[in-house]
Colleague: 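For reference, the structure I am asking about is given below.
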Protein chains: 2
Amino acid sequence: MEDDTRQRLLDAAEALFAEHGFAETSLRAITTQARANLAAVHYHFGSKDELLHAVFARRLKMLNEERLARLTALETGGGPVTVETVLTAFIEPSLRLRRAGVQGERFTRLLGRAQIDASEALRDFLRDQYAPVLERFQQTLGRTLPQLQPGELRWRLYFALGVLSFTYAGARLPQMPFAARLVGDEEWLLRQLIQFLAVGLCAPPLEEGAEKTA
Amino acid sequence: MEDDTRQRLLDAAEALFAEHGFAETSLRAITTQARANLAAVHYHFGSKDELLHAVFARRLKMLNEERLARLTALETGGGPVTVETVLTAFIEPSLRLRRAGVQGERFTRLLGRAQIDASEALRDFLRDQYAPVLERFQQTLGRTLPQLQPGELRWRLYFALGVLSFTYAGARLPQMPFAARLVGDEEWLLRQLIQFLAVGLCAPPLEEGAEKTA
DNA sequence: ACCTGTTTCAAACGTTTGTTTGAATTATCT
DNA sequence: AGATAATTCAAACAAACGTTTGAAACAGGT
């Protein structure tokens with residue numbers, strides 16, 4: 001059976017959704033790029049929404065499992081549990097995806113976008129996928145940074161994920177050299193990124209009256 | 001002349017574009033919310049694209065001018081030129097917009113979104129609006145942080161804008177308490193944000209062989 | 001009151017959209 | 001080879017979209 005029509009559809013959808021967004025990408029653009037018939041989308045996936053869902057499902061589960069595995073390895077004696085190593089455990093799996101090829105790069109771009117422009121339905125799906133991961137990382141970071149109040153830590157984690165999403169989404173800013181697509185440059189960029197996030201997370205708490213924690 | 005039809009259209013478009021995105025918002029949804037006729041959009045603006053353009057034009061020019069004015073005031077003796085004060089000069093004007101009312105909040109949300117999901121045409125427009133501002137702030141920060149290479153500073157600035165965009169866009173993350181909509185909470189959040197960005201920008205340079213500057 | 005220019009309105013236009021259909025084609029198995 | 005299921009295909013569907021039209025309603029000035 002020619003089931004790689006399915007893969008070609010997923011690849012094309014991944015690329016076009018990442019580049020132009022969900023609503024502005026037509027099924028005809030996807031099926032053309034995938035060299036497939038228009039009706040193939042509904043045959044293999046049922047609807048455009050379920051196609052998007054499948055694009056995420058294809059990679060997200062494994063990605064988050066690898067994040068948790070690295071964190072567990074770290075905590076069960078695999079190395080020092082510092083803010084940097086915990087951050088690396090979270091980021092490295094996604095960076096591996098990017099290094100694995102242009103499709104992985106597109107997926108991370110789509111993932112970054114989705115944090116901001118996802119519809120409510122997709123947000124629910126992403127929340128289910130991310131919640132346990134973020135929960136675990138937040139707990140571990142809370143032990144590494146006991147001086148921070150829970151609300152403080154949570155917002156810093158929020159900021160950190162913002163940087164990551166923004167960078168993966170590849171938001172173009174003026175004067176930004178996007179020669180940083182070479183892998184060598186990405187390694188350098190990763191260190192810059194991790195340092196930026198680490199010092200932000202490690203900053204001393206802003207002392208004043210206890211804030212609402214939640 | 002009933003020219004506040006124009007304003008109502010801009011308000012409705014601002015709100016709906018910010019909440020659902022450009023492509024997923026129909027002119028009919030906008031004109032319904034604005035209690036205006038469908039054709040009013042083309043009468044007042046010419047097209048949907050030009051409506052979006054007008055939504056940005058209405059506030060963005062003044063916003064960036066205020067940013068530059070605050071930076072100039074700082075540099076011409078208005079206070080100490082530190083990373084924190086420069087950051088505040090950039091952020092405060094947008095925060096004032098948010099404090100001014102729900103429409104300002106919506107605009108900043110739209111602005112945050114646009115950094116990631118803007119079409120190429122809109123990106124050109126935003127680039128023209130942002131380029132001189134970012135240029136000036138980058139220069140000033142370069143003088144405040146002379147130990148950083150230009151490429152390093154630029155990327156840190158990029159990360160900082162990412163956090164800001166992400167936060168303004170109001171990306172929902174699991175476990176995030178969005179009771180932080182009260183103004184009091186926003187003030188606290190602003191201090192958290194500025195500290196996070198400041199320590200990230202001020203971090204010591206990663207010393208190693210000179211990287212490509214560009 | 002009349003004219004003139006501006007603004008609103010309901011209705012329609014032609015495209016494009018996601019989706020469905022039913023026949024044709026291809027693969028799989030006995 | 002023939003029967004059965006899986007997949008592809010061209011064509012059409014209704015709905016929604018941005019846009020256009022031309023007449024109605026309104027405004028201000030003389």
Side-chain angles (χ1 to χ4, degrees), chain A residues 1-58 110 113-114 117-125, chain B residues 1-58 110 113-114 117-125:
Chain A
M1 61 183 137
E2 280 295 331
D3 210 2
D4 56 4
T5 294
R6 222 186 122 90
Q7 298 301 321
R8 288 203 316 275
L9 283 172
L10 286 172
D11 288 345
E14 189 170 64
L16 292 171
F17 288 160
E19 194 57 34
H20 307 294
F22 178 72
E24 32 274 283
T25 300
S26 70
L27 289 183
R28 284 163 179 84
I30 293 172
T31 52
T32 298
Q33 173 156 330
R35 300 188 313 279
N37 187 271
L38 174 59
V41 169
H42 296 87
Y43 177 76
H44 285 285
F45 302 98
S47 70
K48 190 186 179 186
D49 282 281
E50 291 176 84
L51 171 59
L52 177 65
H53 182 95
V55 167
F56 280 103
R58 175 165 66 151
L110 178 60
R113 280 189 83 123
D117 64 13
S119 70
E120 189 145 352
L122 180 59
R123 223 182 338 249
D124 288 345
F125 172 71
Chain B
M1 60 181 137
E2 281 294 329
D3 211 0
D4 57 2
T5 295
R6 221 186 122 92
Q7 299 300 321
R8 288 203 315 276
L9 284 172
L10 286 172
D11 288 345
E14 191 170 63
L16 292 171
F17 288 160
E19 195 57 34
H20 307 295
F22 177 72
E24 33 274 284
T25 300
S26 71
L27 289 184
R28 284 166 178 83
I30 293 172
T31 52
T32 298
Q33 174 156 330
R35 303 188 312 278
N37 187 270
L38 174 58
V41 170
H42 297 87
Y43 177 77
H44 285 284
F45 301 99
S47 71
K48 190 186 179 187
D49 282 281
E50 290 175 86
L51 170 61
L52 177 65
H53 182 96
V55 167
F56 280 103
R58 176 165 65 150
L110 178 60
R113 278 189 87 123
D117 65 12
S119 70
E120 188 144 355
L122 180 60
R123 211 166 7 232
D124 288 346
F125 172 71

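Convention: sequence-line order gives letters A, B, ...; per-chain numbering from 1. In this text, all values refer to a predicted model and were calculated from it rather than measured experimentally.
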Colleague: Residues in side chain to side chain donor-acceptor pair (under 3.5 Å) with Ser47(B), at least two apart?
Modeller: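 Partners of Ser47(B) by the side chain to side chain donor-acceptor pair (under 3.5 Å) criterion, ordered by chain and then number, come out as Glu50(B).
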
Colleague: Let me confirm one number: the OG1-OH distance from Thr5(A) to Tyr43(A), rounded to the nearest 0.5 Å.
Modeller: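 Taking OG1 in Thr5(A) and OH in Tyr43(A), the distance rounds to 10.5 Å.
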
Colleague: At less than 4.0 Å, is any side-chain N or O atom of Thr5(A) found next to OP1 or OP2 of dT7(D)? Yes or no.
Modeller: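 So the side chain of Thr5(A) is outside the cut-off, no N or O lying under 4.0 Å from OP1 or OP2 of dT7(D).
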
Colleague: Can you check side chain to side chain contact (heavy atoms under 4.5 Å, CB included) on Arg113(A) and Phe22(A), steps first, answer last?
Modeller: CA-CA 10 Å; Arg113(A) 280 189 83 123; Phe22(A) 178 72; over 6 Å; no

Colleague: Which whole-number value in Å describes the distance from His20(A) NE2 to dT16(C) P?
Modeller: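 Taking atom P of dT16(C) as the reference, NE2 of His20(A) is at 17 Å.
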
Colleague: Under the side chain to side chain contact (heavy atoms under 4.5 Å, CB included) criterion, do Leu52(B) and Phe45(B) qualify, and how do the steps go?
Modeller: CA-CA 9 Å; Leu52(B) 177 65; Phe45(B) 301 99; over 6 Å; no

Colleague: Of the residues in residues 45-52 of chain B, which ones touch DNA chain D at a heavy-atom distance under 4.0 Å?
Modeller: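 Heavy-atom contacts with DNA chain D come from Ser47(B), Lys48(B).
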
Colleague: Indicate every side-chain donor-acceptor pair of residues 23-31 of chain B with a distance under 3.5 Å to a residue at least two apart or in another chain.
Modeller:
residue  : atom : partner  : partner atom : Å
Thr25(B) : OG1  : Leu16(B) : O            : 3.3
Thr25(B) : OG1  : Gly21(B) : O            : 2.6
Ser26(B) : OG   : Ala29(B) : N            : 3.1
Thr31(B) : OG1  : Leu27(B) : O            : 3.0
Thr31(B) : OG1  : Arg28(B) : O            : 3.2

Colleague: In whole angstroms, how far is the C1' atom of dC9(D) from the CG atom of Leu9(A)?
Modeller: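 Distance, rounded to whole Å: 14 Å.
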
Colleague: On the nucleotide dT8(C), are OP1 or OP2 found under 4.0 Å from the side-chain N or O atoms that His44(B) carries?
Modeller: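 Yes, such a contact exists.
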
Colleague: Tell me every residue that passes side-chain contact (heavy atoms from CB on, under 4.5 Å) with Ser119(A), counting only those two or more places apart in sequence or in another chain.
Modeller: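 By the side-chain contact (heavy atoms from CB on, under 4.5 Å) rule, Ser119(A) matches Ala121(A), Leu122(A).
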
Colleague: Quick one: salt bridge (charged side-chain N to carboxylate O under 4.0 Å, His left out) partners of Asp124(B), sequence neighbours excluded?
Modeller: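 So Asp124(B) forms a salt bridge (charged side-chain N to carboxylate O under 4.0 Å, His left out) with Arg127(B).
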
Colleague: Give the minimum heavy-atom separation between Ala15(A) and Gln33(A), together with the two atoms involved.
Modeller: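 Reported closest heavy-atom pair: CB-NE2, 4.0 Å.
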
Colleague: Under 4.0 Å, heavy atom to any atom of DNA chain C: which of residues 23-42 of chain A qualify?
Modeller: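 Close to the strand are Thr25(A), Ser26(A), Leu27(A), Arg28(A), Leu38(A), Ala39(A), His42(A).
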
Colleague: Could you state the atom-to-atom distance from CZ of Phe17(A) to C1' of dG18(C) in whole Å?
Modeller: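 Roughly 12 Å, once rounded to whole Å.
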
Colleague: Not counting sequence neighbours, which residues clear salt bridge (charged side-chain N to carboxylate O under 4.0 Å, His left out) with Arg58(B)? List them please.
Modeller: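 Salt bridge (charged side-chain N to carboxylate O under 4.0 Å, His left out) check on Arg58(B) returns Asp11(B), Glu14(B).
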
Colleague: Fill in the dot-bracket string of DNA chain D, one character per base: . for unpaired, | for a pair to another strand, ( ) or [ ] for pairs within the strand, taking Watson-Crick or G-U pairs under 3.5 Å.
Modeller: ||||||||||||||||||||||||||..||

Colleague: What residues, two or more places apart in sequence or in another chain, satisfy ring-ring contact (aromatic ring centres under 6.0 Å, His included) together with His20(B)?
Modeller: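 So His20(B) forms no ring-ring contact (aromatic ring centres under 6.0 Å, His included) with any residue.
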
Colleague: State which residues pass ring-ring contact (aromatic ring centres under 6.0 Å, His included) with Phe125(B); sequence neighbours excluded, sorted by chain then number.
Modeller: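 Phe125(B): ring-ring contact (aromatic ring centres under 6.0 Å, His included) contacts with His53(B).
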
